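Read through the structure below, which is laid out as structure tokens, and then see the notes.
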Amino acid sequence: MKAEALTYRARQLWYAYRAAPSQQDLDEVRAILNPGEMGLFEGMQPSEQAHSLAVMRRLQAQDPLSQDLLVAALLHDVGKSLYPLSMWERVLIVLVGALSSGLLARWGAGEPRGWRLAFVVARQHPQWGADMAARQGASPLAVELIRQHQNYLPADTVLSTDTLLGKLQAADGNS
Ligand SMILES: [Fe+2]
Ligand SMILES: [Fe+2]
């Protein structure tokens, strides 16, 4: 990643970190999620809630609508709520990821404690979030989308954005 791209990403992170959903947004979310899933959503940091809403809005604009996809959009990062990260930890993840994705993966393996915590959250939150959503009665498809949301298909996979997972990843990557 070039210096300008990194500066851009840091600015983007800063604005994202200060974002929060409105009451109207929350009412909209409540109409989509079941009560247990809503409890999970409410446990997320406001900035993560705003990010999830942005991902859902992008998908809502597409047709045909899939309820499972909307639930997955709203809860795909819910695993992060187990260990809320600071702005600086998020910046660190971006910097290390830009330096070496192998390093990011290596530091992200293992237990969520110590200096590696932020990296473990970055790598393992899809798994944690999927388990949390399953416990609250999310559909198997929504759970699977959450679990796989960081498992990118090879770039040359034909029509990968036609799949629900591809759509979720495209909408997630753009915010
Ligand atoms: Fe994620
Ligand atoms: Fe995300």
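Note that ligands are numbered from 1 as they come in the structure, with each ligand's atoms numbered from 1 the same way. If you read the sequence from its start, that first residue is 1, and numbering goes on from there. Because the structure is predicted, anything quoted here is derived from the model rather than measured.
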Can you name the side chain to side chain contact (heavy atoms under 4.5 Å, CB included) partners of Leu95, sequence neighbours left out?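 Once residues adjacent in sequence are excluded, the partners of Leu95 under the side chain to side chain contact (heavy atoms under 4.5 Å, CB included) criterion are Leu6, Val91.
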Sorted by chain and number, sequence neighbours left out, side chain to side chain contact (heavy atoms under 4.5 Å, CB included) with Asp131 holds for Gln127, Arg135, Arg147
Flag the pair Gln124 / Pro112 as yes when at least one side-chain heavy-atom distance between them is below 4.5 Å, and no otherwise. no
By ring pair (Phe, Tyr, Trp, His ring centres under 6.0 Å), Trp107 pairs with (sequence neighbours left out) Trp115, Phe119
Only one of His76, His149, Met132 passes side-chain contact (heavy atoms from CB on, under 4.5 Å) with His125, and that residue is His149
Check for a donor-acceptor pair, side chain of Asp25 on one end and backbone N or O of Ser22 on the other, with a separation under 3.5 Å. yes
The protein N, O or S atoms lying under 2.8 Å from the Fe ion (ligand 1) are Asp77 OD1, His125 NE2, His149 NE2
